[in-house]
Structure formats: C-alpha cells, structure tokens
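Below, chain A is the first sequence line, B the second, and so on; all start at residue 1.
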2 protein chains.
Amino acid sequence: MASHGARGRGGGRPTLEEVAARAGVGRGTVSRVINGSPRVSDATRAAVEAAVTELGYVPNTAARALAANRTDAIALVVPEPETRFFAEPYFSDMLRGVGSQLSDTELQLLLIFAGGDRERRRLAQYLAAHRVDGVLLVSVHADDPLPDLLAQLEIPAVISGPRSAAETLTSVDSDNYGGARSAVEHLLLGGRTRIAHITGRLDVYGAQRRVDGYRDALRDAGREVDELLVEPGDFTEEGGRRAMTLLLRRRPDLDAVFAGSDVTAAGARQVLREAGRRIPDDVALIGYDDSAIARHMDPPLTSVRQPIEEMGRAMIDLLLAEIADRRPPLSRGPARRHAVLATELVTRASS
Amino acid sequence: MASHGARGRGGGRPTLEEVAARAGVGRGTVSRVINGSPRVSDATRAAVEAAVTELGYVPNTAARALAANRTDAIALVVPEPETRFFAEPYFSDMLRGVGSQLSDTELQLLLIFAGGDRERRRLAQYLAAHRVDGVLLVSVHADDPLPDLLAQLEIPAVISGPRSAAETLTSVDSDNYGGARSAVEHLLLGGRTRIAHITGRLDVYGAQRRVDGYRDALRDAGREVDELLVEPGDFTEEGGRRAMTLLLRRRPDLDAVFAGSDVTAAGARQVLREAGRRIPDDVALIGYDDSAIARHMDPPLTSVRQPIEEMGRAMIDLLLAEIADRRPPLSRGPARRHAVLATELVTRASS
DNA sequence: ATCACAGATGGGAGCGCTCCCACACTACCT
DNA sequence: AGGTAGTGTGGGAGCGCTCCCATCTGTGAT
C-alpha cells in the first residue's frame, strides 16, 4: 500500500529517530550502535538491534555523508579508454584484487575511465566535488597532471607503478628490477652469452628498472654490457618486430632475447622465425607479464609474472591507511609509503 | 596555507551561502542558477555565475542528495562473476553504449558485480539504502529474484533481455526472432534444404525466440520443420560439439547448421571437420553474436550481429524516462516500455 | 556519608542543500 | 484609481545523520 509516493512523509524508510523511539533510547545511542561504538551497554545494544531488524532500518548514506563529511566510496581511476581496460588482463586482475580486499569493508568501489579529454574534465569536476574518500590510480603516464590535482585537493591516493624513483604519491609496484635480473640470470645459467634486451617504453619507470636489472645481472656475472644488444621497444608487438629486426642485423650471433612484455616477445618471435632461428635451440626467448599469450605461444613462453592481484590488495591496504591518517585531529605528516612486491619467473619451453 | 585540516570551518570548500553573499543575492537564487531554473533574470544569473567561478564553487553532492532525495547515480548490475564480465565482449560493448549515452548527463554510473552469494547480499543492502536512482540489469536468468526486489523497493529499472514474453520490467532486447529468420532465409536462398538448428539455453527467452524464428522461416518457405534437425545446446563450445555429433548421427544428410552462438558454431565446426564435411561446400554454418571469433574462424563465420552498443544507449533512454516519470506528484501508472532493436546478418565465407 | 570519576545516555546544533511560501515589483487591464 | 496577474527574489523549514557536551548513574576511595 502507500501506493503513490513512497516519498511522502509517512510511508518512507524508517529513520534513526524512529528506531530510537522504538527501542526506547535516544538518537545518539542508536547512532553509536550502528557505528559500532564500544560505549554502549549490552542490553541497550540488543534492544537497538532488535528495533533495527523489526523496522528494516537502513542508514541514509547521503545524510551520513553530509554530517560526517565522508562518502564511504573510493574510485579506481583508469586513465585509458575503456577498450584497453577490457583488452588487458592486467586491469581485470587488479580489479579482482581490489574488490576482494574491499569486501570486508563498507566501502563502495567506483570504476572511472578517463581516456578522453571530456572524461578528464568530468573526472576533475568529480574529484573537486570530493565525491570519493580516496583514489586508486593505475597506469599513469609520466606527464599526467592527475597526481598533482589529487595532491592539491588533498585527496588520499595510491598509484600503481610509481612515475619515478622520486614518486610523491604513495605507491605499489612489482619488483621490476628483480624480475629482470631473474630472467637474465636464468638465461646465463642456461649458458647463453649474447643476451639482447628489447625494452619497454622508457618513459615508464618500470621499464627503466628492468633495463637496470638486465644490466646489473650481466655485470654481476662479470660480463660487459654490449649496448648493441639493447634496443628500445614500446610494449607492442609491432615494436617487438622492429626491435628484433634491428638487433638481428646488428648482432646476428645473439643467442637470447629478454623482451619487455609478452606481446613484444610475440613480435620478436615472429621475426626470429622468419630469420630461420629456432626457439629455444638457436635463441632463447623470455617475456614479461606472464599473460595468456605466454601460455599459448609456440613454444610456450618463459615469462616474468607480476603479482597483480596482490598489488591490488596492497593498494587498498595503503589507501585505507592513508585515509585513516587524515581523519584524526591534524594530518600525521607525509609518511609516504611504497610497497614493492616480488615477481616470479615462470619457466616454459622458450628458454 | 590552511595546511592542516581543510575540514576546518574556515579553509574548506565554499558553500551556496557564500556564493550568495558574494553575488549579493539570496540562497534560493543561487540554487536556481545552479540547477538551471528559468525563473532568474539574466543579470542575476551572470552575477551568480561570476561568483561561482571566482570562488570555485562545486555543489556538495551529499547535501543535495539529502535535501532532494536523489543520488544522481545509476547502477549497471552484472549478476555474474567479474571473470565473465571481462571475458565476454558483450559487456564491454554494452558498457560503451551506456557510457556514451550518459555522457551528456550529470549521472554517475556505478558498475556492480553480483556473482556470488556474498555479493548478492551486499547488493540487496545497497539497493535497500537507495543509493542509486535507477538500475540497469544485464544478463539475468529466468529465476533471478533481483527484478522482484527492485520492483518491491520501487526502484526504476531496465532489463536487457526480457525473461519472458510477459516481462514486467521495462526491457530492451534485440530482435532474436528476426535475426534467426534472416539467418535461415539466407540459407534457404543459398539452396540449402536440410537446415539444422543448435539452440541456445532454452531457459533464456531470447534463445526460445530464435527457435521460433527458425521454425517460422522454414514454414513460411513452405517446408516442414523436421524435429530431428533441432537439438538443444547451451551457448558453449562443448555443447556445440555434443549437439553436432547427435545431429550428424540422426541426419547425416544435413546441409546447413544454424548455431545459437558463435562459440557453439565453433564447436559444431570442429565436429563437422572431423566427420570430413567441408564448410561451406558440404555444410553451411551460421553463428550468432558476430563476436571476434566469428571473424577469426576458418572459414570466417557468417553470423547474426546484435546492436549491443545501441542496446546500451536504449537502456539509458528508457531508464531516464522511467526515473522522470516517478519524480512528479504521483507516479504516472505502469506504462511499461519494451524496445526491440534490429539485428543484422553479417555474411562471410561459411555460408 | 562524601567526593571523584568513569561509563552510559539524551539531545542540541549543525552539515549544505532543495523546496516552497511569502513578498516585492512591474505591467496590463478595467 | 483599483484590481489582477504575472516575474523575480529572499529565506524559513526541513532532509537524516554525526558530533559533542551536558547529564545521570553507579562504583570505589576517602
């Protein structure tokens, strides 16, 4: 019944006040129970909980947000067009980690794509309105103004993949340096001596770190780094083909390739095949990311796995800490946190 | 500068009242300008807009939501685990359509997965709290309690793919009947006479409609429907293999197969190959969905394309209408709407 | 008995907005 | 001149919560 207008003053949802009346206590007490404050006697708590159940009370989020100045929502901001989001398993894994870590909280996760200019403006407006308590930033380019905007608005934020060694935002990353080292060490152990590296986009910090890892692994094994064996790529398949072509021309005697991504490795593989090189007999090949294509490649590709789901979980942990820090009296100083999670070399037939 | 505590009474965000003071007008007038009411003189409007810009005023969403009893958010509810969401391009296309149609509004889109029991409970809580103004429901099974919950809570909702001919929720669908007809008619036109159909899951209304279309196309062409040529499938590849095996056993002389999905067609193709049938020479094959695998199959698969992105847009249109209807005095009666969008047969080498 | 103190409780004040009623003020009719 | 519609405009009264202070009660120390 109450057919037309559940909005009417009578038929609507129960309020705190109504619960209080029903339980025979004051408004403040009900609020305390709802929010799990310890300063409530057991008897009172039970009475209030009964009233809540009987009335089917559900707190009004808007009222709470207004009074408490928080939204109980955080945003996962993807500065990419939606297409890429769906195409790359990275995001899916990340989302799973984030979601799972969020599931024991009351926080709502918003997914926001900000690929185009229009979306960027919307996002800026959105953040200015403080519609979220915190922001998770994934896949951010070095020159992106978003981190600065976040800092200026004083919105807690965590970035996945720091933009540089001097990242100011709290960050989560996988151990790109260690991952690259383990790949190269594995190749050295296999007796390879002329190991090439097709890098990722070098304006991405993680790609730089992989180059560092590659270099140090060789140096620590007592080898010179032959600069002719290092060729910049851009994470793409086409980039892999181009780089591989150049490398083969410069160093036809190379016997291993460490690629900046699985897709790059796929491109390299194609060129190697066309040049009559057998994998892994003539040239060993290692990729990065351990994506689906690594498993399905012929031969299956050895690759460095990043714990993306765990990174998602770590991001939530850090963000929650960040948010908690700003809640009490005055902000507890910029105790920036940076988490770095271990990678794992997944060995397959290509190496 | 206002370093600690942007929450303090002084350093925070400007409010309506402050804008009003600055512009030398009353609170109500500023509200009118912000909300685009026509009952404001041009001069006043200009003054207010100037003040808004100078102060960098952004409305407080929580306050607005509380006072106006709306959230300016709608949810896209996916009753599937996230994995499927990412695996199937259906959702990605749908999301694109929804997003684009939403971009000229002030509405925020929330993406909610409700695959497991736990998520379902969270969702129920979420809806009970009326945290969204409306809901978009995709991929709902026939026995799902969600639509009833929505109706009970009086939350505007639109479903993609009605659950039956008697769907009570406003719905958007593609013309499954017409799509199936066009596929069968194409096969008849190509001179095929013994056309088999591997259906989709028959508890999905759309799959039933496709069977209807298949039958009527044959009848209208003056042919009997041979029930031995109809075998239930379940949209999967494995189901396609199983059904195709049965069909070949029962009717070794069949010369065409219309499958309930592209994936099913892929399963069927495999069995046909193993049985030594050539496609399309011996047996023509048509799928449904026009997904990526249709293009990449060997030979490329003729398939029925559904305008998924447009369906997404249509869902938003209907939902907005639904929401608008319930806003004024009393709800304008249950004028249920059902949109049906045309499909298109994409012809390739398999038929 | 008296005082001090901690725990439990009630309720006022406000968060920033929308809604709506009342009040100008103007223009146009009788 | 008096009426009668309109327009614009100001501001009170909430929306349903959280925060915090005042109050009350019971306990143990003096």
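With dC17(C), dG16(D), dT9(C) as the candidates, the nucleotide lying closest to the side chain of Thr29(A) is dT9(C).
With Asp133(B) contributing its side chain and Thr71(B) its backbone, the two residues share a donor-acceptor pair below 3.5 Å.
Looking at heavy-atom distances under 4.0 Å, Arg64(A) makes contact with sugar-phosphate atoms alone, never a base.
Salt bridge annotation for Asp325(B)-Arg337(B): present, with a cationic side-chain nitrogen under 4.0 angstrom from a carboxylate oxygen. With respect to Arg22(A) and Glu18(A), no salt bridge is recorded, no charged nitrogen being found less than 4.0 Å from a carboxylate O.
A donor N or O paired with an acceptor N or O is not found under 3.5 Å between the base of dG16(D) and the side-chain atoms of Arg13(A).
The distance between atom CD1 of Ile34(A) and atom P of dC19(D), rounded to the nearest whole Å, is 14 Å. If you measure from atom CZ of Arg27(B) to atom P of dG10(D), you get 11 Å, rounded to the nearest angstrom. Atom CG of Leu16(A) and atom C1' of dC15(D) are 13 Å apart (whole Å). Note: CZ (Arg70(B)) to C1' (dT18(C)) measures 8 Å, nearest angstrom. Between Glu18(B) atom CD and dC15(C) atom P the separation is 10 Å, expressed in whole Å.
If you check the side chains of Ser100(A) and Ser103(A), you find no donor sitting under 3.5 Å from an acceptor.
Between dC17(C) and Ser31(B), no contact under 4.0 Å exists linking OP1 or OP2 to a side-chain N or O.
Within a 6.0 Å sphere centred on CD of Glu106(B), heavy atoms belonging to other residues, nucleotides or ligands number 12 at most.
Comparing Leu66(A) and Arg32(B) by the nucleotide of DNA chain D that holds the closest heavy atom to each, the one mapping nearer the 5' end is Arg32(B).
Annotation: proximity of residues 39-61 of chain B to DNA chain C (heavy atom, distance under 4.0 Å) is found for Tyr57(B), Pro59(B), Asn60(B), numbered in ascending order.
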For the pair Arg120(A) and Asp117(A), evaluate salt bridge (Lys or Arg N to Asp or Glu O under 4.0 Å) and give the outcome as yes or no after the intermediate values. CA-CA 5 Å; Arg120(A) 292 301 276 245; Asp117(A) 274 356; over 6 Å; no

